[in-house]
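Atoms within a ligand are numbered from 1 in the order they appear, just like the ligands themselves. Only heavy atoms go into these numbers, but all of them, side chains included; no hydrogens, no water, no symmetry mates. Quick note: residue numbers are just sequence positions, from 1.
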Amino acid sequence: MSTSSSDASQHGLWSKRTAFMFAAIGSAVGLGNIWKFPYMTGENGGAAFVLVYLACVVLIGLPIMMAEIVLGRRGRHSPVHTMRRLAEQDGHSTNWQAIGWLGMLAGVMILSFYVVISGWTAAYLMDSLFNTFQGFDQASAEGHFNRLVDSPWRLLAWHTLMVVLVAWVILRGVNRGIEQATTVLIPSLFALLLLLVGYAALYGDFGRGLTYMFAFDYAQITPEVALKAMGQAFFSLSIGMGAIMVYGAYLPRQFSIPEAAGVVVTADVLVAILMGVALFPIVFASSMEPGAGPGLIFQTLVIAFGQMPGGWLVGILFFALTLIAAWTSAISLLEPTVSWLVDSRGMRRRTATLGSSAVIWVVGLGTVVSFNVGSDWTLYGRNFFEWMDYLTSNVMLPIGGILIAIYAGWMVKRSVLEEQADLGNGLLFKSWLWLVRLLVPTAVFLILLHGFGWV
Ligand code: TRP
């Protein structure tokens with residue numbers, strides 16, 4: 001058995017510090033920030049949701065992200081393999097590899113709906129190139145959105161395109177695929193974002209967006225809102241399933257983990273908040289409902305794009321940005337599974353990628369029909385898409401997060417942890433240790449219980 005200091009991964013290592021940052025930011029910044037955060041905020045009372053979300057990001061999300069990178073970099077393999085190796089080295093039951101299994105399953109489930117929603121983005125990018133939204137009002141925007149989601153065939157075509165895009169990057173491997181793609185795409189994403197925010201600052205009503213997002217009322221923080229806000233924090237940061245763990249497995253030893261995690265978390269929160277602040281004024285100005293659900297950005301923004309000066313170009317920029325964000329996140333949802341197939345099945349990367357993409361494509365059909373023919377095929381009031389979303393964000397990721405925190409906090413020898421966490425051995429290290437040992441597991445557990453209405 002090799003030791004924890006073995007410094008190679010058979011999949012490759014990031015060639016630069018920025019490569020890890022771009023890949024991890026690519027993973028975190030995605031539909032969760034641009035599509036889900038605004039509509040969840042709208043559905044759950046605005047500022048109350050935002051506040052719990054921010055608290056969860058700082059107190060729960062950041063420590064778990066660090067723990068994931070620490071474990072990943074020590075294990076140097078797919079999450080299943082990493083956890084098995086670490087458990088062996090640390091003298092614990094190899095059942096800890098369950099963290100990897102649960103994560104892989106969650107990854108497949110998330111990706112199966114993620115590719116479908118990303119497909120909407122691709123469809124809208126195409127529409128905006130053709131200047132389709134010119135002169136749109138509320139009725140035409142809703143009609144346009146419904147025509148897309150009502151058609152299983154159109155959704156299928158776009159969802160297939162997204163599966164192909166994701167598979168293409170993953171197939172090329174860690175350096176020639178993920179690293180190259182994100183190194184080009186993430187700086188472009190931030191450039192587009194700056195342009196858009198600049199535009200919104202000039203023409204939009206930032207003040208109203210800020211009020212909606214930050215003027216909060218304690219009474220709106222119900223256990224259910226807290227559970228959803230926590231789920232959103234996990235989803236948006238990509239934590240609790242091993243995506244960050246596997247990216248950590250490719251991180252060279254000399255790079256600082258707290259610094260990397262800090263940058264990723266900050267970028268992620270910034271994008272979510274900016275999206276909300278820019279979006280809600282448009283929602284109110286066009287007298288639409290902030291609680292419109294998953295169609296929110298697609299139905300509201302296009303009205304604005306169809307009417308504002310330069311809206312044609314802004315629309316193209318916006319949907320290009322969203323597509324990039326979705327694509328670089330989707331690849332991180334597949335990498336744990338592909339690396340596992342390569343690690344433990346000895347498969348070639350190509351076979352592993354094609355096989356797992358095919359599975360994702362098939363499971364994705366469930367989400368394709370959830371918006372049309374199968375929208376009424378419900379179980380306890382949720383259709384297929386709603387179950388996938390609910391189970392992963394609100395159950396599987398938090399449980400994964402608790403297990404990761406417990407392993408890092410209690411199962412790793414303190415000397416090893418001190419050496420691996422890059423936090424020195426002073427107050428910073430002690431605070432982090434306290435968070436992963438006590439606060440994270442108990443807080444997440446209590447929010448889960450309350451959210452289910454069990455206590
Ligand atoms: N964080 C991404 C988003 O906000 C989605 C995502 C990518 C993800 N990888 C993940 C979510 C791993 C949970 C776990 O869109």
Side-chain angles (χ1 to χ4, degrees), residues 22-41 53 56-57 60-62 64-65 67-69 72 78-79 99-100 102-121 162 166 169-170 178 181-182 185-186 189 193 228-248 261 264-276 294 297 321-339 360 388-401 403-404:
F22 288 144
I25 292 176
S27 171
V29 174
L31 292 173
N33 311 58
I34 300 175
W35 160 74
K36 206 172 173 199
F37 178 76
Y39 91 74
M40 294 279 287
T41 304
Y53 161 79
C56 289
V57 165
I60 297 175
L62 182 61
I64 295 183
M65 181 173 291
E68 265 196 50
I69 308 176
S78 68
I99 293 177
L102 181 74
M104 255 186 344
L105 184 64
V108 169
M109 290 166 67
I110 296 175
L111 190 53
S112 77
F113 71 79
Y114 211 86
V115 283
V116 177
I117 315 289
S118 315
W120 299 358
T121 316
M162 290 313 300
V166 172
V169 174
I170 290 290
I178 307 176
T182 52
L185 292 172
I186 296 306
L189 182 143
L193 187 71
K228 289 186 180 163
M230 180 177 78
Q232 174 61 15
F234 275 87
F235 184 87
S236 185
L237 295 172
S238 301
I239 53 174
M241 71 142 286
I244 295 294
M245 193 185 286
V246 78
Y247 280 6
V264 175
V265 169
T266 310
D268 190 66
V269 169
L270 205 68
V271 175
I273 299 291
L274 283 174
M275 279 308 302
I297 65 165
L321 172 137
T322 312
L323 187 64
I324 292 176
W327 187 16
T328 54
S329 295
I331 59 183
S332 77
L333 285 158
L334 193 56
E335 180 62 18
T337 302
V338 169
S339 63
I360 302 291
M388 290 289 130
D389 181 25
Y390 180 83
L391 281 179
T392 48
S393 283
N394 296 349
V395 183
M396 297 168 82
L397 298 179
I399 291 179
L403 293 175
I404 288 168

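Rounding to the nearest 0.5 Å gives a distance of 8.5 Å between CD1 of Ile34 and OG of Ser329. Rounded to the nearest 0.5 Å, atoms CE (Met241) and OG1 (Thr337) are 6.5 Å apart. Rounding to the nearest 0.5 angstrom, the gap separating the OG atom in Ser393 from the NZ atom in Lys228 is 11.5 Å.
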Worked check of side chain to side chain contact (heavy atoms under 4.5 Å, CB included) between Asp268 and Ile25: CA-CA 7 Å; Asp268 190 66; Ile25 292 176; over 6 Å; no
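Taking all heavy atoms of Gln232, Met241, Met396, Lys36 into account, the minimum distance to atom 14 (C) of ligand 1 is reached by Met241.
Looking from atom 2 (C) of ligand 1 to the surrounding protein, the closest heavy atom is Ser27 O, 3.2 Å. Atom 11 (C) of ligand 1 has Phe235 O, 3.2 Å as its closest protein atom, hydrogens excluded (heavy atom only). Of the protein's non-hydrogen atoms, the one nearest atom 8 (C) of ligand 1 is Ser238 OG, 3.5 Å. Ranking the protein heavy atoms by distance from atom 15 (O) of ligand 1 puts Tyr114 OH, 2.4 Å first. Considering only non-hydrogen protein atoms, atom 9 (N) of ligand 1 sits nearest to Ser332 OG, 3.0 Å.
Between Trp120 and Trp35, the ring-plane angle classifies as perpendicular under the 30° and 60° cut-offs.
Against a heavy-atom cut-off of under 4.0 Å, Ile110 is close to the following atoms of ligand 1: 13 (C). Under a 4.0 Å criterion applied to the non-hydrogen atoms of Leu397, ligand 1 contributes the atoms 13 (C).
Residue-to-ligand polar distances keep Leu237 apart from ligand 1: every N/O pair is separated by 3.5 Å or more. On a distance-only criterion, Gly32 and ligand 1 share at least one N/O pair closer than 3.5 Å.
Inter-residue side-chain proximity for Phe22 and Thr328 is flagged as unmet; no heavy-atom pair is nearer than 4.5 Å.
For Ser238 (side chain) and Ser27 (main-chain N/O), a donor-acceptor pair under 3.5 Å exists by modelled atom type. Checked by atom type and distance alone, the side chain of Asn33 pairs as donor or acceptor with a backbone atom of Gly30 at under 3.5 Å. In terms of modelled atom types and a separation under 3.5 Å, the side chain of Ser339 and the main chain of Pro336 share a donor-acceptor contact.
Contact annotation for Asp268 and ligand 1: no heavy atom of the residue comes within less than 4.0 Å of the ligand. Looking at Val29 against ligand 1, nothing comes within 4.0 Å, counting heavy atoms. Here Ala28 has backbone heavy atoms under 4.0 Å from ligand 1, and that is the only part of it that gets that close.
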